[in-house]
**Student:** 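Handing you this structure, nothing more for now.
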Amino acid sequence: MDLSFILANKLLLSVSAALLSIAYGAYLAYTVLKQPKGDAKMNEISDAIAEGANAYMKRQYSVVAVIGIVVFAILYFTFGVFSAIGFAVGAILSAVAGVAGMAIAVRSNIRTAQAAKTGLPSAFSLAFKGGAVTGLLVAGLALLSVAGFYWVLETYTPGDLAPLVALGFGGSLISVFARLGGGIFTKSADVGTDMVGKIEKGIPEDDPRNPGVIADLVGDNVGDDAGMAADLFETYVITAVAAMILGSLLFPNNPNVLFFPMLIGAVSIVASIIGTWFVKISGNSIMKGLYQGLIVAIAVSVAGFWILTQYVFQNNLGIPSMNLFYTLIVGLVVTVGMVVITEYFTSKKFSPVKTIANASSTGHGTNVIAGLAVSMKSTFAPILLIAGAILVSYTLGGLYGVAVAAMSMLSLAGIIVAIDAFGPITDNAGGIAEMAGLDKKVRDVTDPLDAVGNTTKAVTKAYAIGSAGLAALVLFASYTQELAKGTKIFTFSLSDPTVLIGLFIGGALPYLFAALAMEAVGKASVAIVDEVRRQFREIKGLMSGKVKPEYGKAVDIVTKAAIKEMILPTAITVIAPIAVGFLLGPQALGGLLIGSIVTGLFIAISMTTGGAAWDNTKKYIEEGNLGGKGSFAHQAAVTGDTVGDPYKDTAGPAINPMIKVLNIVALLIASFLI
């Protein structure tokens with residue numbers, strides 16, 4: 001059996017698994033869309049959400065397309081046609097993953113609200129199936145882009161891996177725009193709507209009288225669904241590409257290192273599909289029902305990884321097969337660890353949220369102080385987990401072991417994103433039930449689903465952050481190995497002032513990026529607050545419910561603000577590594593990469609976990625604890641939730657793609673710095 005036949009079959013297996021994931025996602029979409037959509041009023045609300053989400057995505061990608069065409073031209077004339085094509089493939093499929101997943105989500109929300117009329121199990125099942133469509137599309141399209149494009153490269157330019165970096169860059173650039181723009185939209189709409197509706201007018205959340213409520217519900221989809229899909233798509237692609245490039249640099253005469261990451265992904269796609277079959281609710285334990293599927297997916301992945309290392313790549317990667325297997329297990333352990341740690345800090349069942357709730361009874365300030373303390377404390381355990389994973393995987397397999405562990409972690413993106421996308425669907429379902437005036441028993445179903453959705457979104461963000469940290473380290477290792485190909489020897493010593501300068505600049509970048517993202521939410525929130533106030537002031541009969549608000553105007557205002565504010569932070573992310581690399585040299589750029597990874601991880605974990613803890617504190621009090629809705633503690637909790645919103649849904653999650661863009665741009669320009 002010659003190498004070309006083996007090569008073709010290994011690629012065929014990877015491509016087949018990717019297509020299976022996409023096909024199964026399409027099947028789930030078909031089953032969801034067959035379900036009943038409820039009455040005319042529910043459909044009117046759902047159609048408004050879908051229309052707003054589609055309008056935002058169209059405007060966002062119209063702007064991004066212009067930037068993408070410019071970057072495509074630069075890559076074409078600088079790196080050649082295949083790098084330009086790789087960039088286009090990565091960018092287009094990243095956008096497709098987000099848009100397609102969101103399209104099903106905005107059609108699943110009304111069907112979930114309708115299913116809630118018959119009880120918790122049916123609503124839970126439908127919401128998860130809608131989320132699974134996004135998850136399986138993300139994993140399938142990501143693996144297809146890597147395996148399919150590599151197949152093209154092997155056909156037309158054998159041995160040239162540089163275009164794979166451009167593939168990752170395309171996904172990363174779209175991810176930053178989607179994460180940041182969607183995050184600005186969702187949180188400015190949420191904050192602005194709540195500030196006027198809840199605080200000033202004293203009306204409930206998702207009240208149909210509030211002109212900003214549709215914009216708020218749209219934001220759940222463009223931020224938490226499309227944004228997360230683009231984020232994990234690019235993290236998956238970046239991790240696979242970085243592992244392949246690093247493997248080829250470390251083991252230049254062993255082509256198996258190129259196929260191993262793709263087959264890891266193929267195994268876990270099958271495992272994720274099987275895992276979705278076991279997501280079933282028993283009693284009222286919603287989280288347990290979701291975790292059943294994750295546990296099954298992990299168990300099937302372990303079995304598949306054993307076969308992969310013992311029979312497919314038995315001692316032919318230069319690393320003992322058992323060591324490879326153990327590094328794969330390390331990635332799965334990090335996944336489980338991030339889930340457990342994040343749930344502890346964000347769930348209403350545990351002490352961190354209860355601590356913030358108790359602090360709320362003494363005022364707004366003490367709520368914010370307690371929330372900030374929890375957000376800072378939440379960084380320590382994940383960092384120890386990631387550090388331990390790096391140490392163990394490096395001991396077992398060197399730098400390639402770290403890459404394999406990262407790929408193992410990312411390979412479960414299908415089931416993880418499915419659990420995440422469940423959140424915005426249940427949130428929207430609750431909003432539709434409230435606005436349509438459905439019976440209280442419907443909200444009694446959608447409210448607990450929504451509360452769990454807040455935790456699952458936080459868990460997925462933590463997973464994305466942890467995987468981003470490992471992926472960025474693998475990219476950095478690839479950058480240093482790329483520099484080593486030159487005749488000059490580059491070292492990264494703390495006694496070198498250029499390295500220190502790079503460290504300081506890189507360490508500051510996540511702070512600057514997060515600050516700009518927070519400011520963007522603040523500016524956009526002012527615009528939506530002014531609009532909501534104007535409508536309450538000028539539209540007679542709005543407060544009494546006799547006249548409908550002008551929902552579309554609020555959506556349009558926040559759309560324009562989000563698109564405008566996402567440009568500067570993204571530009572800084574691309575320009576910074578180029579400027580430092582060419583002005584201060586490759587050592588300074590290496591320092592910048594490490595500095596951004598270290599501080600970026602801490603800020604991202606702190607913001608996403610702390611923000612989710614604030615959110616669930618509010619929901620904990622709304623359940624009747626510490627005085628319930630309208631109490632002094634509840635008012636303080638609303639303030640904390642308002643502070644935490646841009647933390648957890650805008651600035652924190654957007655740092656993931658930000659640090660990867662820094663690293664992928666550095667890898668792109670490395671050959672020019674030698």
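Computed from heavy atoms alone, side chains included, the values below leave out hydrogens, waters and symmetry copies. All residue numbers refer to positions in the sequence shown, counting from 1.
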**Student:** Within the structure provided, determine whether Ile578 and Ile575 are in side-chain contact (heavy-atom separation under 4.5 Å).
**Tutor:** no
**Student:** Run through Leu126, Asn428, Ile432 and flag the one making a side chain to side chain contact (heavy atoms under 4.5 Å, CB included) with Thr112.
**Tutor:** Leu126
**Student:** Checking the side chain of Ser188 only, and the main-chain atoms of Phe185 only, is there a donor and an acceptor separated by less than 3.5 Å?
**Tutor:** yes
**Student:** Looking at Ile603, is its backbone amide N or carbonyl O close enough to the side chain of Tyr511 to form a donor-acceptor pair, meaning the two atoms are under 3.5 Å apart?
**Tutor:** no
**Student:** When the ring planes of Phe476 and Tyr479 are compared, do they come out parallel, tilted or perpendicular, using 30° and 60° as the limits?
**Tutor:** tilted
**Student:** When rounded to the nearest 0.5 angstrom, what is the spacing between CG in Leu143 and CD1 in Ile269?
**Tutor:** 4.5 Å
**Student:** Using only atom types and a distance under 3.5 Å, with no angle test, would you say the side chain of Ser175 pairs donor to acceptor with the backbone of Gly171?
**Tutor:** no
**Student:** So, the side chain of Ser378 versus the backbone of Ser606: is there a donor-acceptor pair under 3.5 Å, distance only?
**Tutor:** no
**Student:** Enter the distance from Leu180:CG to Leu568:CG here, rounded to the nearest 0.5 Å.
**Tutor:** 10.0 Å
**Student:** Using a 3.5 Å distance criterion without hydrogens, assess whether the side chain of Asp427 forms a donor-acceptor pair with backbone atoms of Gly423.
**Tutor:** no
**Student:** Determine the minimum heavy-atom distance between Ser272 and Ile415, stating which atoms define it.
**Tutor:** OG-N, 3.5 Å
**Student:** Atom CG of Leu473 and atom CD1 of Ile594: how far apart are they, to the nearest 0.5 Å?
**Tutor:** 6.0 Å
**Student:** Please state whether the rings of Tyr647 and Trp614 are parallel, tilted or perpendicular, taking 30° and 60° as the class boundaries.
**Tutor:** perpendicular
**Student:** Met338 and Ala462: which non-hydrogen atoms are nearest, and at how many Å?
**Tutor:** CE-O, 3.1 Å
**Student:** Does the side-chain contact (heavy atoms from CB on, under 4.5 Å) test come out yes or no for Thr78 and Leu668, once each step is laid out?
**Tutor:** CA-CA 11 Å; Thr78 308; Leu668 267 175; over 6 Å; no
**Student:** Are side-chain heavy atoms of Ile49 and Ile110 found at a separation under 4.5 Å?
**Tutor:** no
**Student:** Answer whether the closest heavy-atom distance between the side chains of Met658 and Arg179 falls below 4.5 Å.
**Tutor:** no
**Student:** Would Thr276 and Phe128 satisfy side-chain contact (heavy atoms from CB on, under 4.5 Å), going step by step from the backbone distance to the final call?
**Tutor:** CA-CA 9 Å; Thr276 63; Phe128 178 76; 3.9 Å; yes
**Student:** Atom NZ of Lys129 and atom CG of Leu136: how far apart are they, to the nearest 0.5 Å?
**Tutor:** 13.0 Å
**Student:** Which atoms form the tightest heavy-atom contact between Ala229 and Thr134, and what is the distance?
**Tutor:** CB-CG2, 3.9 Å
**Student:** For Val218 versus Gly52, what's the shortest heavy-atom pair and its separation?
**Tutor:** CG1-C, 3.7 Å
**Student:** Assess the residue pair Arg111 and Leu33 against the criterion (side-chain contact (heavy atoms from CB on, under 4.5 Å)); give the C-alpha distance rounded to whole Å, side-chain angles, the decisive distance to 0.1 Å, and a yes or no.
**Tutor:** CA-CA 8 Å; Arg111 291 166 170 85; Leu33 295 177; 4.1 Å; yes
**Student:** Could you tell me if the side chain of Phe82 sits less than 4.5 Å from the side chain of Leu153, heavy atoms only?
**Tutor:** yes
**Student:** Would you check if the distance from the ring center of Phe169 to the ring center of Phe87 is below 6.0 Å?
**Tutor:** yes
**Student:** Below 4.5 Å, heavy atoms only, C-beta onward: do Ile85 and Pro163 meet side chain to side chain?
**Tutor:** no
**Student:** Has Ser596 got a side-chain atom pairing as donor or acceptor with Leu593's backbone, closer than 3.5 angstrom?
**Tutor:** yes
**Student:** Do Asp649 and Val521 come within less than 4.5 Å of each other through their side chains, counting heavy atoms only?
**Tutor:** no
**Student:** Judged by atom type as modelled, is there a donor-acceptor pair below 3.5 Å linking the side chain of Tyr56 to the main-chain atoms of Gly181?
**Tutor:** yes
**Student:** As an exercise, state the distance from OG of Ser467 to CE of Met407, rounded to the nearest 0.5 Å.
**Tutor:** 10.5 Å
**Student:** If you compare all heavy atoms of Leu475 against all heavy atoms of Lys660, which two are closest, and at what distance to 0.1 Å?
**Tutor:** CD1-O, 4.1 Å
**Student:** Any donor and acceptor pair, going by atom type alone, linking the side chain of Thr573 with main-chain N or O of Pro569 inside 3.5 Å?
**Tutor:** yes
**Student:** Between the side chain of Ser21 and the main-chain N/O of Ala18, is any donor-acceptor distance below 3.5 Å?
**Tutor:** no
**Student:** What are the two closest heavy atoms between Val574 and Val665, and how far apart are they?
**Tutor:** O-CG1, 4.0 Å
**Student:** Under the side-chain contact (heavy atoms from CB on, under 4.5 Å) rule, what do Phe513 and Ile655 come out as? Steps first, then yes or no, please.
**Tutor:** CA-CA 8 Å; Phe513 184 87; Ile655 289 173; 4.1 Å; yes
**Student:** I'd like to know if the side chain of Tyr463 and the backbone of Met409 have a donor-acceptor N/O pair within less than 3.5 Å.
**Tutor:** yes
**Student:** A side-chain contact here means heavy atoms from C-beta on lying under 4.5 Å apart; do Ile416 and Thr335 qualify?
**Tutor:** yes
**Student:** Answer whether the closest heavy-atom distance between the side chains of Leu173 and Thr570 falls below 4.5 Å.
**Tutor:** yes
**Student:** A quick test of your reading: do over 12 heavy atoms of other residues, nucleotides or ligands sit less than 6.0 Å from OH of Tyr76?
**Tutor:** no
**Student:** Nearest 0.5 Å, please: how far is OG in Ser94 from CZ in Phe177?
**Tutor:** 11.5 Å
